[in-house]
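Reviewing the structure listed below.
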Amino acid sequence: MSETMIGVIGGSGLYEIEGLEGAEWREVTTPWGDPSDAILTGSLAGVPMAFLPRHGRGHVHDPASVPYRANIDAMKRLGVTDLVSVSACGSFREEMAPGDFVVVDQFIDRTKGRPQSFFGPGCVAHVSLAHPTCPRLAEVCAAAAEADGTKVHRGGTYLAMEGPQFSTLAESRMYREAWGADVIGMTNMPEARLAREAELCYVTVAMVTDYDSWHPDHAEVDVAEVLKVLKGNGARARALISRLPALLRDRPVPCPEGCGQALDHAVMTAPGKRDPALLEKLNAVAGRILGP
Ligand SMILES: CSC[C@H]1O[C@H](OP(=O)(O)O)[C@H](O)[C@@H]1O
Ligand SMILES: Nc1ncnc2[nH]cnc12
């Protein structure tokens, strides 16, 4: 049985974490290009961890230019089994207030033009995305946040918009009223798709920073407001991360939810028709089924 390794992708406002033993920023190269930044590796309470700031230190990447495939490949290559996305989001629900955390379990993807898959011509694969997050990791994250006194909403639909501008009032109302979305952000797609293809347990912890633009009693979202709330959220996000090792250590690997076998019946291309160059690029993500 291989061991649990926790990966964290930190979103806006979360560019590093403290307290890792043997902490080292490591440059990881991937066949999909460079990740957003070097990756901070080390261990926490004896459990190996890897932390990657999604936008890079200094917030260099906008939501469209984040190298999602390189980020997920790099995490997989390092041995990550459980990947937590910690992200800022707007809320479409009165009860999901700024400062609350929403452990997301569904996505609606409105992003455009971002590479959506590791697979393609020469190695076609179709994984299930019906349940795009790992229920075990979701429960662990919810418990870790609650232990710190944070108000947690278990379950919620995250609308991934293209950005970088925030939504119009009409869009905000449509996502909330007609589409039933609970929170909105710009980055967790295609990240969640790619994590599933890479057979990682994945969950989004969405930290509510604002009410987007639909709420009659709150000003429309702007970055100043988001940053103000993020300052408060940062410490609680770090506290959540620090509790993960105790909750994930000693759990079986692979996870019984099946995230680690997502590719078992997914590849359609006949062995003799597979493109060797693409197979080479897939060596970390799909080496388990395609061979290293
Ligand atoms: C700073 S507000 C908009 C920005 O914040 C969120 O980023 P992340 O998901 O990486 O925390 C949102 O998706 C936008 O990219
Ligand atoms: N209202 C909002 N829309 C999109 N991304 C966000 N990130 C934080 N708040 C947001």
Side-chain angles (χ1 to χ4, degrees), residues 7-17 35-37 51-68 70-72 75 83-94 96-104 107-112 114 132-133 141 156-176 179 181-195 202-215 218-234 236-238 240-241:
V8 176
I9 297 185
S12 296
L14 189 61
Y15 306 103
E16 50 192 303
I17 57 173
S36 299
D37 201 336
F51 173 85
L52 172 62
R54 178 183 287 121
H55 301 276
R57 283 165 289 177
H59 207 112
V60 178
H61 291 285
D62 70 11
S65 74
V66 169
Y68 295 98
N71 289 353
I72 297 294
M75 287 294 194
L83 182 59
V84 179
S85 155
V86 182
S87 297
C89 72
S91 166
F92 293 129
R93 304 287 154 216
E94 185 83 50
M96 294 178 175
D100 293 1
F101 287 8
V102 181
V103 181
V104 167
F107 297 96
I108 298 172
D109 191 356
R110 288 256 301 166
T111 64
K112 302 172 193 132
R114 305 180 188 181
T133 63
C141 288
T157 297
Y158 175 112
L159 187 301
M161 61 176 296
E162 178 58 19
Q165 304 84 359
F166 292 113
S167 306
T168 65
L169 176 56
E171 287 166 338
S172 191
R173 286 180 176 152
M174 178 180 77
Y175 298 150
R176 169 183 140 79
W179 291 17
D182 298 305
V183 295
I184 184 165
M186 302 179 190
T187 60
N188 279 222
M189 281 294 190
E191 194 172 270
R193 297 175 185 284
L194 297 166
Y202 178 89
V203 77
T204 297
V205 177
M207 308 186 300
V208 177
T209 53
D210 60 88
Y211 280 114
D212 201 44
S213 53
W214 64 273
H215 201 301
H218 291 266
E220 65 209 40
V221 54
D222 66 20
V223 164
E225 188 57 29
V226 169
L227 291 178
K228 207 159 67 185
V229 180
L230 275 180
K231 270 200 169 153
N233 284 357
R236 288 183 301 122
R238 286 186 177 86
L240 179 161
I241 293 165

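Both ligands and their constituent atoms are indexed starting at 1 by order of listing. Nothing here was measured: the structure is a model prediction, and the numbers come from that model.
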Minimum-distance protein heavy atom relative to [atom]:
{"atom": "atom 9 (N) of ligand 2", "value": "Asp210 OD2, 2.6 Å"}
{"atom": "atom 5 (N) of ligand 2", "value": "Gly185 CA, 3.5 Å"}
{"atom": "atom 9 (O) of ligand 1", "value": "Thr187 OG1, 2.6 Å"}
{"atom": "atom 3 (C) of ligand 1", "value": "Phe166 CE2, 4.1 Å"}
{"atom": "atom 5 (O) of ligand 1", "value": "Ser12 OG, 2.9 Å"}

### Query
Should one rank Glu220, Met186, Glu225 by closest heavy-atom distance to atom 4 (C) of ligand 2, which comes out on top?
Met186

### Query
Heavy-atom distance to atom 12 (C) of ligand 1: which of Met186, His59, His61, Met161 wins?
Met186

### Task
Between Arg54 and ligand 1, find which residue part has any heavy-atom pair under 4.0 Å and reply side chain, backbone, both or neither.
side chain

Side chain or backbone of [X] under 4.0 Å from ligand 2, or both, or neither, by non-hydrogen atoms?
{"X": "Thr209", "result": "side chain"}
{"X": "Asp212", "result": "both"}
{"X": "Cys89", "result": "backbone"}

Show the atoms of ligand 1 that are less than 4.0 angstrom away from any heavy atom in [X].
{"X": "Ser87", "answer": "9 (O), 11 (O)"}
{"X": "Gly11", "answer": "8 (P), 10 (O), 11 (O)"}
{"X": "His55", "answer": "7 (O), 8 (P), 10 (O), 15 (O)"}
{"X": "Gly185", "answer": "13 (O)"}

### For Phe51, the option from Ile9, Asp37, Leu14 that meets side chain to side chain contact (heavy atoms under 4.5 Å, CB included)
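So the option named by the test is Leu14.
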
### Task
For Met161, take its heavy atoms, then give the atoms of ligand 2 lying under 4.0 Å from any of them.
4 (C)

Any side-chain donor-acceptor pair under 3.5 Å between [X] and [Y]?
{"X": "Ser85", "Y": "Arg54", "answer": "yes"}
{"X": "Arg173", "Y": "Ser213", "answer": "no"}
{"X": "Glu191", "Y": "Tyr202", "answer": "yes"}
{"X": "Arg110", "Y": "Tyr175", "answer": "yes"}

### Task
Could you grab the distance from atom CD of Glu225 to atom CD of Glu220, nearest 0.5 Å is fine?
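Atom-to-atom, Glu225:CD and Glu220:CD are 11.5 Å apart.
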
### Message
Can you classify the ring geometry of His215 versus His218 as parallel (below 30°), tilted (30 to 60°) or perpendicular (above 60°)?
### Response
perpendicular

[X] side chain to [Y] backbone, donor-acceptor under 3.5 Å:
{"X": "Tyr211", "Y": "Glu94", "value": "yes"}
{"X": "Asp212", "Y": "Trp214", "value": "no"}
{"X": "Arg93", "Y": "Ala181", "value": "yes"}

### Query
Can you find a non-hydrogen atom of Pro63 under 4.0 Å from ligand 1?
yes

### Query
So is Val226 close enough to ligand 1, meaning a heavy atom under 4.0 angstrom away?
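Flag set, Val226 near ligand 1.
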
### Task
Answer yes when Arg193 and Asp109 have at least one side-chain N-carboxylate O distance shorter than 4.0 Å, and no when they do not.
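Judged by the 4.0 Å cut-off on N to carboxylate O distance, Arg193 and Asp109 do form a salt bridge.
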
### Task
Considering non-hydrogen atoms only, spot the tightest contact between Met186 and Tyr68 and give its length.
O-OH, 4.0 Å

### Query
Is the shortest N/O to N/O distance between Gly90 and ligand 2 below 3.5 Å?
yes

